[in-house]
Number of protein chains: 2
Amino acid sequence: MGIIRKTESVGALLNEFKNGSNAISAITLVKRLESKFNKTTVYRVLDKLEDDGVLHSFMGDKGIKWYAKCDGCSKSEHVDLHPHFQCVACGKIDCVAVDVTIPKIPNREITASQILIQGTCEGCTSK
Amino acid sequence: MGIIRKTESVGALLNEFKNGSNAISAITLVKRLESKFNKTTVYRVLDKLEDDGVLHSFMGDKGIKWYAKCDGCSKSEHVDLHPHFQCVACGKIDCVAVDVTIPKIPNREITASQILIQGTCEGCTSK
DNA sequence: TTTATATTTGCAACTTAGTTGCATTTATAT
DNA sequence: ATATAAATGCAACTAAGTTGCAAATATAAA
Ligand SMILES: [Mn+2]
Ligand SMILES: [Mn+2]
Ligand SMILES: [Zn+2]
Ligand SMILES: [Zn+2]
């Protein structure tokens with residue numbers, strides 16, 4: 001179930017995502033907000049924002065959860081599906097709006113795919 | 001550092017992977033072998049087998065670690081890179097030998113990619 | 001075959017990310 | 001102003017994986 005009341009914690013979390021298409025890990029958000037909100041609250045609000053189609057989540061390479069803004073999604077359908085790019089040097093993850101074609105696989109019905117592209121970001125290449 | 005001595009635990013783990021190209025989660029392996037080996041041993045041997053290019057590992061959708069046999073890899077280079085397919089019905093994961101082309105992304109240097117394809121496997125479709 | 005030694009193992013304790021139950025607080029509608 | 005469902009904090013818990021260290025064992029040397 002999604003967000004019902006516009007509380008302080010909802011505002012604080014939305015604020016973290018207001019600029020940029022950067023993803024932020026759940027633990028980072030917990031740490032950033034720990035002086036104002038309990039981690040349970042952070043995890044719960046993130047979960048609700050995802051239900052509402054405001055954020056989407058995915059797993060990073062170390063098995064930790066990341067969140068990023070959705071574009072054009074709603075409570076009823078998540079349409080903003082895309083790969084993510086993680087810089088192996090600085091660890092940052094971005095949403096990338098590229099189309100990756102997954103070929104058919106014999107005897108399997110494909111419904112989705114999670115793609116984590118790895119490499120070096122602009123900032124880290126120039127160093 | 002890889003395997004130096006052919007011990008019982010190494011044999012037991014290799015045996016788990018001897019037939020099929022199915023991936024097996026680390027926790028499953030720990031459970032299967034818990035009567036004979038300590039979980040620490042299982043994790044350590046898996047780690048070494050990966051170093052040796054005998055197994056490769058990747059993260060499943062719930063952030064848990066999976067292992068599968070390598071084909072043509074060695075201590076010096078892991079060449080067997082491929083997507084994985086997870087059945088959303090039964091949870092099983094297989095290695096799939098399909099080629100997925102990742103397009104170039106502006107300002108980023110791509111070095112690798114981790115692709116988890118999701119859908120329904122043959123056994124689960126026919127039910 | 002015995003001995004030496006580096007490797008492997010088990011165990012217990014620890015870490016980290018995330019979850020749950022429950023009592024208290026708070027946003028919102030009436 | 002009041003009622004009430006939703007949100008919150010807290011503490012305790014879970015699950016996956018890791019670490020340090022002493023004891024056991026595979027392997028090579030003598
Ligand atoms: Mn994204
Ligand atoms: Mn594989
Ligand atoms: Zn970077
Ligand atoms: Zn299946």
Q: Looking at D/dA7, D/dG17, C/dT28, which one has an atom nearest to any side-chain atom of B/I64?
A: D/dG17
Q: Rounded to the nearest Å, what distance is computed from the CG atom of residue A/N38 to the P atom of nucleotide C/dT20?
A: 15 Å
Q: Can you figure out which of C/dC11, C/dG18, C/dT20 approaches the side chain of A/T40 most closely?
A: C/dT20
Q: Is there a donor-acceptor pair closer than 3.5 Å between any side-chain N or O of A/D51 and the backbone N or O of A/M1?
A: yes
Q: C/dT25 C1' sits how many Å from A/R44 CZ, rounded?
A: 13 Å
Q: What is the separation between atom CG on B/D61 and atom P on C/dG18, rounded to the nearest whole Å?
A: 14 Å
Q: Please report the distance, rounded to the nearest Å, between NZ in B/K39 and C1' in D/dA15.
A: 8 Å
Q: Given D/dG17, is OP1 or OP2 found less than 4.0 Å from the side-chain N or O atoms of B/Y43?
A: yes
Q: So that I can tick it off, tell me whether B/E16 and B/R32 are bridged by a salt bridge, with the cut-off set at under 4.0 angstrom between side-chain N and carboxylate O.
A: yes
Q: Kindly point out which of D/dT8, C/dT9, D/dA7 is positioned nearest to the side chain of B/T7?
A: C/dT9
Q: Rounded to the nearest Å, what distance is computed from the NZ atom of residue B/K6 to the C1' atom of nucleotide D/dT25?
A: 17 Å
Q: Taking B/H56 as the fixed residue, which of B/H78, B/E50, B/K69, B/H82 is the one that meets the side chain to side chain donor-acceptor pair (under 3.5 Å) rule?
A: B/H82
Q: Would you please confirm or rule out a distance under 4.0 Å between OP1 or OP2 of D/dT8 and any side-chain N or O of A/S9?
A: yes
Q: Quick one: B/E34 CD to C/dG10 C1', roughly how many Å, whole number?
A: 14 Å
Q: Consider the side chain of A/I4, meaning its heavy atoms from C-beta on, and name the nucleotide among D/dT8, C/dG18, D/dA7 that approaches it most closely.
A: D/dA7
Q: If you only use heavy atoms from C-beta on, which nucleotide in D/dG17, D/dA6, D/dT25 is closest to the side chain of A/R5?
A: D/dA6
